[in-house]
Asker: 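This is the structure I want to talk about, given as structure tokens.
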Amino acid sequence: MKIVGKSVPHESARGHVTGEALYTDDLLLRFPGALHAWPVVAPHAHALVRALDPSAALSEPGVVTILTGDDVPGEGDTGANRHDEPLFPAEVTYHSQPVAWVLGETLDAAQRGARRVSVEYEPLAAILTIDDAILAGSFHSPPLRMARGDVSVIESSQLSFEGELRIGGQEHFYLETQCAIAWLDESGGIAAHSSTQHPAETQEVIARVLGIPRNRVTVECLRMGGAFGGKEVQANPWAAIAALGASKTGRPVRVRLTRALDFALTGKRHPFQVRYAAGFTRDGQLEGVRIALYSDGGWSLDLSEPVLSRAMFHCDNAYLLPAAELTGLICRTHKTSQTAFRGFGGPQGMLAIEEILDQAARRLGLRPELVRERNFYREGDTTHYGQPVKDAGRIETIWRRLMESSRFAGRRNEVDEWNTRHPHLKRGLAITPVKFGISFTAAFFNQGAALVLIYRDGSVQVNHGGTEMGQGLHTKIRQIAAESLGLDPESVRVMSTRTDKIPNTSATAASAGTDLNGAAVADACSTLRSRLTDVAASLFGCDSAAVRFSEGLVFREGEAERAISFAKVCNTAYLQRVPLFAQGYYRTPGIQYNPQTGRGTPFHYFAYGAAVSEVEVDGFTGDYRLLRTDILEDVGDSVSPMVDRGQIEGGFIQGVGWLTLEELIWDAQGRLATAGASTYKLPSWTEVPDTFEVDFMPRAAEAGTIYGSKAVGEPPLMLAISVREAIRDAISAFGTGGPVELESPATPERVFFAVQRARAERELQINTAEADETVAGLLKEAQPR
Ligand code: MTE
Ligand code: HPA
Ligand code: MOS
């Protein structure tokens with residue numbers, strides 16, 4: 001019986017629903033006497049800190065101490081790449097930035113203390129929008145560029161047009177907010193529990209701030225209650241504060257952001273502004289594009305560079321760009337530092353090309369799906385950065401299959417017919433593809449490691465470098481280890497992620513968790529299995545090649561009835577002094593990219609998929625309903641189909657939220673006005689399509705990946721573009737079928753005004769037609785008889 005490929009529940013499913021699964025803050029109970037930390041936050045988006053007086057706060061009952069820059073023994077900076085994130089800033093660079101932290105016996109005491117720290121600020125002018133940043137020349141880095149071919153073709157194309165698209169950001173809204181607990185360990189080192197996607201980097205930042213070597217710091221992550229990229233680097237400052245507090249006071253310190261603080265202090269998906277020019281032939285063949293991407297990076301660099309380059313890598317989505325000139329700039333604004341978020345810039349880049357294709361189609365009077373299809377990559381094509389598009393044919397295969405299974409053509413006619421009968425409600429239908437590059441674009445991150453321990457009773461502990469955030473990585477790892485060792489999954493325990501088990505790990509990100517760590521675990525297991533095979537062969541007196549492992553039993557091929565237990569083989573191995581633990585390692589082969597030339601093969605492979613969505617838009621309110629979505633996703637040979645299905649459904653709905661509901665609004669002072677669930681609209685059951693069909697591409701085994709599987713964590717998010725395009729299709733039906741301007745997110749308000757514009761265009765056309773008729777009539781009458 002195969003274990004890999006079987007639908008099994010998430011290993012913590014029971015714990016998730018019963019509340020038994022422990023998260024970082026649940027561990028607080030184990031640290032009696034822990035101090036609570038609360039920040040002193042600046043009431044300005046940009047200001048100098050002139051003076052800070054903690055004396056009143058220190059007299060507040062229950063306040064233990066205050067952390068300021070003076071307490072930092074090492075470097076007071078938590079910036080992950082560039083060291084540009086002072087922990088105790090002399091210059092405030094975003095609204096509500098912490099300038100000091102109060103430690104109290106209780107949270108209440110810390111909060112009271114924080115209110116009584118008196119800080120003198122000198123407010124400065126703040127840059128709060130991409131437009132202002134462009135005007136002021138406020139950028140984090142020099143422009144990134146990618147180019148191929150001669151884009152001057154745009155000007156001579158049969159259809160040539162320019163446009164602009166504004167794309168909103170997105171709050172991660174992980175259910176578990178940022179959290180860390182740190183304490184002094186038994187030998188004077190620092191230990192921390194942290195809700196982090198990147199324990200090794202959290203360890204590095206703690207060591208940096210405390211000025212101690214990394215071997216004195218241990219970071220552990222049990223699991224996260226969601227992360228979505230928001231804990232790739234942004235878990236670090238809170239862990240650093242907890243560690244600094246523990247080191248100063250000798251007591252455990254807990255930092256947990258409330259939802260309001262988490263909204264105010266942590267970075268989000270990057271808002272983008274896109275300016276483009278495109279040239280097409282009359283029949284919708286793309287000839288060239290010029291795209292300028294401006295991302296809103298916020299106050300510090302964070303991951304904005306790789307996010308922007310991933311956006312530029314995905315300005316093609318599934319389409320061949322024969323000539324392309326892409327530039328990217330990261331705006332430096334006085335806002336939260338925007339960071340990784342599921343898709344990591346890919347969604348914004350893909351939205352740009354989907355916008356361009358839809359604009360072209362409606363200008364040419366062609367069906368958008370036809371224009372999309374005409375521009376697909378074909379076998380043998382390369383991307384604009386020079387990577388061959390392996391399995392490009394899958395794009396069209398998926399497209400055709402999905403068109404058929406969703407009955408696209410028939411429904412297209414039904415929708416058109418339905419629309420003629422409904423003046424105030426219109427339906428829209430759209431199909432969009434996804435091609436998403438898998439691998440960290442910085443090649444060195446693409447490594448995974450494992451340490452697998454087998455005990456004499458045959459039970460197994462698996463340690464690996466990845467973190468669990470709900471995505472089911474540990475479930476897949478367990479299946480992989482069980483399969484490789486011929487055990488039931490119940491015999492395999494996946495341990496929490498710890499820096500003292502696996503060093504120098506990469507973040508669990510880029511959807512590569514299973515690809516990297518799963519392969520490393522399989523490597524360790526194969527070492528162990530071959531050692532155990534030799535032991536068993538000697539027990540059976542047979543050749544190693546004849547030894548079989550299955551379901552906790554070991555036997556000589558053809559003699560299953562004389563099987564012995566895996567445990568017995570393990571104990572025998574121990575007695576024969578054969579080591580029962582092994583490391584495993586994996587590095588992704590064949591990837592490289594040169595940012596100077598904009599050329600290379602940054603991705604190990606591409607994940608493909610497509611979605612068809614149908615919506616109904618109410619012309620009176622701009623409100624819409626998602627009637628039906630059909631998805632076909634290429635996950636290779638799925639390691640864990642139920643987990644993958646969850647990722648596809650969840651990713652898609654999260655994308656629907658980003659593109660249609662979730663809107664971040666900063667006020668004129670640079671304060672986030674939408675800083676809670678009451679003002680920031682998240683998708684919920686209402687947004688789940690009435691009919692939701694999710695399917696995997698069959699017989700899709702990928703060569704050179706763990707058990708032929710493909711990454712699934714991020715790619716499905718971008719399937720939600722089909723919903724945006726379906727909404728646009730419906731809006732267009734209120735008008736003349738011509739182009740529709742639609743900023744993102746397509747909130748009911750924006751849809752309402754877009755419907756108004758579409759209707760106005762129709763009126764204009766009708767009036768013009770009437771006028772033409774009248775003029776024609778008059779002219780006829782005026783003819784001499
Ligand atoms: N799924 C859940 N439930 N929670 C999460 O936080 N993060 C997403 C995705 N799916 C996330 C999730 C992101 S941003 C990434 S990169 C991948 O999971 C990371 O995990 P993987 O590499 O194991 O797929
Ligand atoms: N994807 C996700 N996270 C990352 C990447 C990437 O390409 N690079 C660095 N962190
Ligand atoms: Mo995911 S944005 O790569 O953490």
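Order of appearance sets the numbers: ligands from 1, and atoms from 1 within every ligand. Keep in mind it's a predicted model, so treat the numbers as computed, not measured.
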Asker: For atom 17 (C) of ligand 1, which protein heavy atom lies nearest, and how many Å away is it?
Answerer: Gly713 CA, 4.1 Å
Asker: Answer yes or no on whether Arg645 is positioned over the face of Phe696, meaning its NZ or CZ is under 6.0 Å from the six-membered ring centre and within 45° of the axis.
Answerer: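 Yes, Arg645 lies over the aromatic ring of Phe696.
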Asker: So, are Arg310 and Glu714 salt-bridged, with charged N and O less than 4.0 Å apart?
Answerer: no
Asker: Relative to the heavy atoms of Gly229, which atoms of ligand 3 are at a distance of less than 4.0 Å?
Answerer: 2 (S), 4 (O)
Asker: Taking only heavy atoms of Phe341 into account, list the atoms of ligand 3 that are under 4.0 Å away from them.
Answerer: 2 (S)
Asker: Quick one: does Ser511 get an N or O within less than 3.5 Å of an N or O on ligand 3?
Answerer: no
Asker: Give a yes or no on whether the ring-centroid distance for His474 and His10 is below 6.0 angstrom.
Answerer: no
Asker: Which of the atoms in ligand 3, numbered in the order shown and given with their element, are less than 4.0 Å from a heavy-atom of Arg342?
Answerer: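 Going through ligand 3 atom by atom, the ones under 4.0 Å from Arg342 are 2 (S).
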Asker: Closest non-hydrogen protein atom to atom 8 (C) of ligand 1, residue and atom name please, with distance?
Answerer: Arg342 NE, 3.8 Å
Asker: Any Lys/Arg nitrogen of Asp644 or Lys476 sitting under 4.0 Å from an Asp/Glu carboxylate oxygen of the other?
Answerer: yes
Asker: Does Lys435 qualify as a cation-pi partner of Phe606, given the criterion of NZ or CZ under 6.0 Å from the six-membered ring centre and within 45 degrees of its axis?
Answerer: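 Ring-cation test returns yes.
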Asker: Should we say atom CZ of Arg259 is surrounded by more than 12 heavy atoms from elsewhere, each under 6.0 Å from it?
Answerer: yes
Asker: Considering only non-hydrogen protein atoms, determine which one is nearest to atom 23 (O) of ligand 1 and report residue, atom name and distance to 0.1 Å.
Answerer: Gln471 NE2, 3.1 Å
Asker: Could you tell me which atoms of ligand 1, counted from 1 in the order shown, lie closer than 4.0 angstrom to a heavy atom of Gly470?
Answerer: 2 (C), 3 (N)
Asker: Less than 3.5 Å between some nitrogen or oxygen of Phe228 and one of ligand 1, yes or no?
Answerer: yes
Asker: Distance under 4.0 Å to a non-hydrogen atom of Ala510: what atoms of ligand 1 satisfy this?
Answerer: 16 (S)
Asker: Looking at Trp299, is Arg332 sitting on its ring face, NZ or CZ under 6.0 Å from the six-membered ring centre and within 45 degrees of the normal?
Answerer: no
Asker: Any nitrogen or oxygen of Ala227, side chain or backbone, less than 3.5 Å from one on ligand 1?
Answerer: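 Checking ligand 1 against Ala227, an N or O pair does fall under 3.5 Å apart.
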Asker: Give the contacting part of Phe440 toward ligand 2: side chain, backbone, both or neither, where contact means a heavy-atom distance below 4.0 Å.
Answerer: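 Both of them.
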Asker: Looking only at protein heavy atoms, which one is nearest to atom 1 (Mo) of ligand 3, and how far off is it?
Answerer: Glu714 OE2, 3.6 Å
Asker: Is NZ or CZ of Arg223 both nearer than 6.0 Å to the six-membered ring centre of Tyr23 and within 45° of the ring axis?
Answerer: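 The answer is yes, since Arg223 meets both limits relative to Tyr23.
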Asker: Taking 4.0 angstrom as the limit and counting only heavy atoms of Ala509, give me the atoms of ligand 2 inside it, by number and element.
Answerer: 3 (N)
Asker: Got a sec: does the CZ of Arg82 have more than 12 other heavy atoms crowding it under 6.0 Å?
Answerer: yes
Asker: Can an N or O of Glu714 be found at a distance shorter than 3.5 Å from an N or O of ligand 1?
Answerer: no
Asker: If we check salt bridge (Lys or Arg N to Asp or Glu O under 4.0 Å) with Asp296, which of these qualifies: Lys335, Arg269, Arg166, Lys268?
Answerer: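 When Lys335, Arg269, Arg166, Lys268 are each tested with Asp296, the salt bridge (Lys or Arg N to Asp or Glu O under 4.0 Å) holds only for Lys335.
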Asker: Considering only heavy atoms, which of Lys476, Met469, Gln647 lies nearest to atom 1 (N) of ligand 1?
Answerer: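 Nearest heavy atom to atom 1 (N) of ligand 1 lies in Gln647.
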Asker: Which protein non-hydrogen atom lies closest to atom 6 (C) of ligand 2, naming both residue and atom, and how far is it?
Answerer: Phe344 CE2, 3.4 Å
Asker: Among all protein heavy atoms in this structure, tell me which lies nearest to atom 3 (O) of ligand 3, with the distance rounded to 0.1 Å.
Answerer: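 Of the protein heavy atoms, Ala510 N, 2.7 Å lies nearest.
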Asker: So, regarding Phe228 and ligand 3 (criterion: nitrogen or oxygen to nitrogen or oxygen, under 3.5 Å), is there a contact or not?
Answerer: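 Such a contact does not occur with ligand 3.
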Asker: With only distance considered, is Gly513 within less than 3.5 Å of ligand 1 through an N or O on each side?
Answerer: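 The answer is yes, given that Gly513 and ligand 1 share an N or O pair closer than 3.5 Å.
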Asker: Hey, is ligand 1 close enough to Thr508 that some N/O pair sits below 3.5 Å?
Answerer: no
Asker: Does the Lys NZ or Arg CZ of Lys231 fall within the cation-pi geometry relative to Tyr174 - under 6.0 Å from the ring centre and within 45° of the axis?
Answerer: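 Pair Lys231/Tyr174 counts as cation-pi.
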Asker: Using a 4.0 Å cutoff against the non-hydrogen atoms of Ala510, which atoms of ligand 2 qualify?
Answerer: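 Answer for ligand 2: 1 (N), 2 (C).
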Asker: With atoms numbered from 1 as shown, which atoms in ligand 1 lie under 4.0 angstrom from a non-hydrogen atom of Gly226?
Answerer: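 Atoms satisfying the 4.0 Å criterion: 6 (O).
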Asker: Tell me whether the count of non-hydrogen atoms from other residues, nucleotides or ligands lying under 6.0 Å of CZ in Arg493 goes above 12.
Answerer: no
Asker: Compute the minimum heavy-atom distance from Ala512 to ligand 1 and say whether it is under 4.0 Å.
Answerer: yes
Asker: Would you say the side chain of Asp262 lies within less than 4.5 Å of the side chain of Glu171, judging by non-hydrogen atoms?
Answerer: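 Yes, at least one pair of side-chain atoms sits under 4.5 Å.
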Asker: Which atoms of ligand 1 have any heavy atom of Gly229 under 4.0 Å away?
Answerer: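 Listed by number with element: 14 (S).
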Asker: Can you sort out which atoms of ligand 3 are near Ala509, meaning under 4.0 Å from one of its heavy atoms?
Answerer: 3 (O), 4 (O)
Asker: Does Gln479 reach the main-chain N or O of Val639 with its side chain, forming a donor-acceptor pair under 3.5 Å?
Answerer: yes
Asker: Assign the ring pair Phe440 / Phe445 to parallel, tilted or perpendicular, where the plane angle (0 to 90°) is split at 30° and 60°.
Answerer: tilted
Asker: Can you list the ligand 1 atoms lying under 4.0 Å from a non-hydrogen atom of Ala509?
Answerer: 16 (S)
Asker: By the definition ring pair (Phe, Tyr, Trp, His ring centres under 6.0 Å), identify the one residue from Tyr593, Phe313, Phe436 that meets it with Phe603.
Answerer: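 Checked Tyr593, Phe313, Phe436 against Phe603; only one passes ring pair (Phe, Tyr, Trp, His ring centres under 6.0 Å): Phe313.
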Asker: Considering only NZ, NE, NH1 and NH2 on the basic side and carboxylate oxygens on the acidic side, decide whether Arg478 and Glu11 come within less than 4.0 Å.
Answerer: no
Asker: Among Arg310, Glu305, Glu714, which one has a heavy atom closest to atom 7 (O) of ligand 2?
Answerer: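 The residue whose heavy atom sits nearest atom 7 (O) of ligand 2 is Arg310.
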Asker: Would you kindly specify which portion of Glu232 sits under 4.0 Å from ligand 3, judged on non-hydrogen atoms: side chain, backbone, both or neither?
Answerer: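 The answer is the side chain.
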Asker: Any atoms of ligand 3 less than 4.0 Å from a non-hydrogen atom of Gln197? List them with their elements.
Answerer: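 So the answer, numbered in order with elements, is 4 (O).
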Asker: Looking at atom 10 (N) of ligand 2, what's its closest protein heavy atom, distance included?
Answerer: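 Going by distance alone, atom 10 (N) of ligand 2 is nearest to Glu232 OE2, 2.6 Å.
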Asker: Give the intermediate values and the outcome of side-chain contact (heavy atoms from CB on, under 4.5 Å) for residues Glu633 and Tyr608.
Answerer: CA-CA 6 Å; Glu633 182 71 16; Tyr608 298 110; over 6 Å; no
